[in-house]
Amino acid sequence: MRCLLIPLVGLLPVVVAAQTFTGGPEAPRVVELYTSEGCSSCPPADRWLASLRETPELFRTLYPLGFHVDYWDHLGWPDRFARAAFSARQRRYRARGALSAVYTPGVLVNGREWRDWRAGQAPPDASGEPGLLHLRLTEDGSNPDETITV
(Lines give C-alpha, C1' and ligand atoms only; values in the text may rest on other atoms or scores of the structure.)
Protein backbone atom coordinates (compact mmCIF):
# COMPACT_ATOMS: atom_id res chain seq x y z
CA MET A 1 0.00 0.00 0.00
CA ARG A 2 2.88 2.39 0.72
CA CYS A 3 3.99 2.07 -2.89
CA LEU A 4 0.52 2.97 -4.16
CA LEU A 5 -0.23 5.91 -1.95
CA ILE A 6 3.12 7.64 -1.47
CA PRO A 7 1.93 10.78 -3.28
CA LEU A 8 -1.01 10.86 -0.91
CA VAL A 9 1.03 11.46 2.22
CA GLY A 10 -1.34 12.24 5.01
CA LEU A 11 -4.37 10.57 3.44
CA LEU A 12 -3.96 7.22 5.11
CA PRO A 13 -1.83 5.95 7.93
CA VAL A 14 0.90 3.50 7.01
CA VAL A 15 -0.93 0.35 6.04
CA VAL A 16 0.39 -3.00 7.11
CA ALA A 17 -2.24 -5.25 5.54
CA ALA A 18 -4.33 -5.23 2.39
CA GLN A 19 -7.18 -2.75 2.29
CA THR A 20 -10.54 -3.21 0.61
CA PHE A 21 -12.87 -0.35 -0.27
CA THR A 22 -16.42 -0.94 -1.39
CA GLY A 23 -18.40 1.95 -2.78
CA GLY A 24 -22.05 2.71 -2.25
CA PRO A 25 -24.84 3.30 -4.75
CA GLU A 26 -23.28 6.48 -6.20
CA ALA A 27 -20.96 6.10 -9.17
CA PRO A 28 -17.33 6.09 -7.98
CA ARG A 29 -14.42 8.01 -9.44
CA VAL A 30 -11.16 6.07 -9.44
CA VAL A 31 -8.27 8.43 -10.18
CA GLU A 32 -4.96 6.82 -11.12
CA LEU A 33 -1.77 8.86 -11.32
CA TYR A 34 1.24 7.26 -13.01
CA THR A 35 4.25 9.06 -11.63
CA SER A 36 7.95 8.70 -10.88
CA GLU A 37 10.54 10.33 -8.68
CA GLY A 38 12.70 10.56 -11.82
CA CYS A 39 10.11 12.60 -13.72
CA SER A 40 10.71 16.36 -13.60
CA SER A 41 7.08 17.06 -14.60
CA CYS A 42 5.57 14.87 -11.87
CA PRO A 43 5.73 17.06 -8.74
CA PRO A 44 2.77 19.24 -9.84
CA ALA A 45 0.73 16.09 -10.53
CA ASP A 46 1.74 14.61 -7.18
CA ARG A 47 0.63 17.84 -5.45
CA TRP A 48 -2.67 17.83 -7.38
CA LEU A 49 -3.38 14.24 -6.36
CA ALA A 50 -2.46 14.99 -2.74
CA SER A 51 -4.84 17.96 -2.79
CA LEU A 52 -7.72 15.51 -3.23
CA ARG A 53 -7.40 14.69 0.48
CA GLU A 54 -9.48 17.83 1.09
CA THR A 55 -12.37 16.42 -0.98
CA PRO A 56 -15.40 15.41 1.13
CA GLU A 57 -16.00 12.46 -1.22
CA LEU A 58 -12.61 10.92 -0.42
CA PHE A 59 -12.95 7.14 -0.07
CA ARG A 60 -16.73 7.40 -0.42
CA THR A 61 -17.03 8.08 -4.14
CA LEU A 62 -13.49 9.32 -4.90
CA TYR A 63 -10.55 6.89 -4.80
CA PRO A 64 -7.16 8.47 -5.70
CA LEU A 65 -4.27 6.08 -6.39
CA GLY A 66 -0.63 6.80 -7.17
CA PHE A 67 1.39 4.27 -9.15
CA HIS A 68 5.15 4.79 -9.34
CA VAL A 69 6.45 3.36 -12.62
CA ASP A 70 9.92 1.93 -13.17
CA TYR A 71 10.61 2.86 -16.79
CA TRP A 72 12.64 5.94 -15.78
CA ASP A 73 14.94 3.86 -13.59
CA HIS A 74 17.23 2.75 -16.42
CA LEU A 75 18.01 6.39 -17.24
CA GLY A 76 19.71 6.80 -13.89
CA TRP A 77 16.68 8.20 -12.06
CA PRO A 78 15.70 5.27 -9.84
CA ASP A 79 12.42 5.54 -7.98
CA ARG A 80 12.44 3.69 -4.66
CA PHE A 81 8.64 3.27 -4.87
CA ALA A 82 8.50 2.05 -8.48
CA ARG A 83 7.20 -1.37 -9.40
CA ALA A 84 7.36 -3.10 -12.77
CA ALA A 85 3.76 -4.19 -12.20
CA PHE A 86 2.66 -0.54 -12.20
CA SER A 87 4.44 0.13 -15.50
CA ALA A 88 2.81 -3.00 -16.93
CA ARG A 89 -0.59 -1.79 -15.69
CA GLN A 90 -0.13 1.51 -17.53
CA ARG A 91 0.98 -0.31 -20.69
CA ARG A 92 -2.17 -2.45 -20.57
CA TYR A 93 -4.27 0.72 -20.58
CA ARG A 94 -2.33 1.87 -23.66
CA ALA A 95 -2.80 -1.49 -25.38
CA ARG A 96 -6.57 -1.27 -24.80
CA GLY A 97 -6.69 2.24 -26.25
CA ALA A 98 -7.63 3.94 -22.97
CA LEU A 99 -4.37 5.90 -22.97
CA SER A 100 -2.77 7.74 -25.92
CA ALA A 101 0.80 6.91 -24.78
CA VAL A 102 2.72 5.61 -21.80
CA TYR A 103 4.01 8.70 -20.01
CA THR A 104 4.42 10.45 -16.68
CA PRO A 105 2.64 12.16 -15.23
CA GLY A 106 -0.34 10.31 -16.64
CA VAL A 107 -3.82 10.45 -15.12
CA LEU A 108 -6.78 8.19 -15.76
CA VAL A 109 -10.27 8.57 -14.31
CA ASN A 110 -12.35 5.41 -14.32
CA GLY A 111 -9.93 3.81 -16.74
CA ARG A 112 -9.86 6.65 -19.28
CA GLU A 113 -7.12 9.18 -19.93
CA TRP A 114 -7.85 12.59 -18.40
CA ARG A 115 -5.60 15.63 -18.75
CA ASP A 116 -7.64 18.40 -17.15
CA TRP A 117 -5.86 17.92 -13.83
CA ARG A 118 -3.25 20.29 -15.27
CA ALA A 119 -5.79 23.12 -15.02
CA GLY A 120 -6.39 22.21 -11.38
CA GLN A 121 -9.80 20.76 -12.11
CA ALA A 122 -11.46 18.17 -9.91
CA PRO A 123 -11.88 14.72 -11.45
CA PRO A 124 -15.04 14.56 -13.54
CA ASP A 125 -18.24 13.15 -12.10
CA ALA A 126 -19.01 9.59 -12.98
CA SER A 127 -22.68 10.27 -13.67
CA GLY A 128 -24.20 7.83 -16.08
CA GLU A 129 -21.75 5.11 -15.07
CA PRO A 130 -22.56 2.06 -12.96
CA GLY A 131 -22.30 2.66 -9.24
CA LEU A 132 -20.38 -0.40 -8.10
CA LEU A 133 -16.85 -0.36 -6.78
CA HIS A 134 -14.84 -3.08 -5.13
CA LEU A 135 -11.20 -2.08 -4.80
CA ARG A 136 -8.52 -4.19 -3.13
CA LEU A 137 -5.06 -2.74 -2.56
CA THR A 138 -2.12 -4.75 -1.32
CA GLU A 139 1.01 -3.50 0.40
CA ASP A 140 3.48 -5.18 -1.95
CA GLY A 141 1.70 -4.34 -5.19
CA SER A 142 0.78 -7.94 -5.88
CA ASN A 143 -2.50 -8.29 -7.71
CA PRO A 144 -2.17 -4.89 -9.40
CA ASP A 145 -4.76 -5.82 -11.99
CA GLU A 146 -8.19 -4.34 -11.89
CA THR A 147 -10.22 -5.53 -9.00
CA ILE A 148 -12.10 -2.35 -9.75
CA THR A 149 -15.56 -2.67 -11.16
CA VAL A 150 -16.67 0.74 -12.34
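Keep in mind that what you see is a predicted model, and the values were worked out from it rather than measured. Numbers for residues simply follow the sequence, beginning at 1.
Sorted by first and then second residue, the disulfide (SG to SG under 2.5 Å) pairs with a member in residues 26-85 read C39-C42; sequence neighbours excluded. Among pairs with a residue in residues 58-113, none fulfils disulfide (SG to SG under 2.5 Å), at least two apart in sequence or across chains. Screening residues 73-116 for disulfide (SG to SG under 2.5 Å) gives no qualifying pairs among residues at least two apart or on separate chains.
No donor-acceptor pair under 3.5 Å is formed between the side chain of D70 and the backbone N or O of A82. Listed for the Y71 side chain is a donor-acceptor partner under 3.5 Å among the backbone atoms of Y103. Not a single donor-acceptor pair under 3.5 Å links the side chain of W117 to the backbone N or O of G106.
Applying the side-chain hydrogen bond (donor to acceptor under 3.5 Å, both in side chains) test to D73 and every residue at least two apart in sequence or in another chain returns nothing. Taking the salt bridge (Lys or Arg N to Asp or Glu O under 4.0 Å) definition, one finds that R115 meets it with E113, sequence neighbours left out. In this structure, the side chain to side chain contact (heavy atoms under 4.5 Å, CB included) partners of E57, at least two apart in sequence or on a different chain, are R29, T55, T61, L62.
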From CA spacing to verdict: side chain to side chain contact (heavy atoms under 4.5 Å, CB included), F67, R89
CA-CA 9 Å; F67 294 99; R89 179 183 178 89; 3.6 Å; yes
R47 and S51: CA distance, side-chain angles, deciding distance, side chain to side chain contact (heavy atoms under 4.5 Å, CB included) verdict
CA-CA 6 Å; R47 285 190 297 275; S51 76; over 6 Å; no
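Using bins of under 30°, 30° to 60° and over 60° for the plane-to-plane angle, the ring pair H68/F81 lands in the perpendicular bin. Ring geometry for Y93 versus Y34: interplanar angle over 60°, hence perpendicular rather than tilted (30 to 60°).
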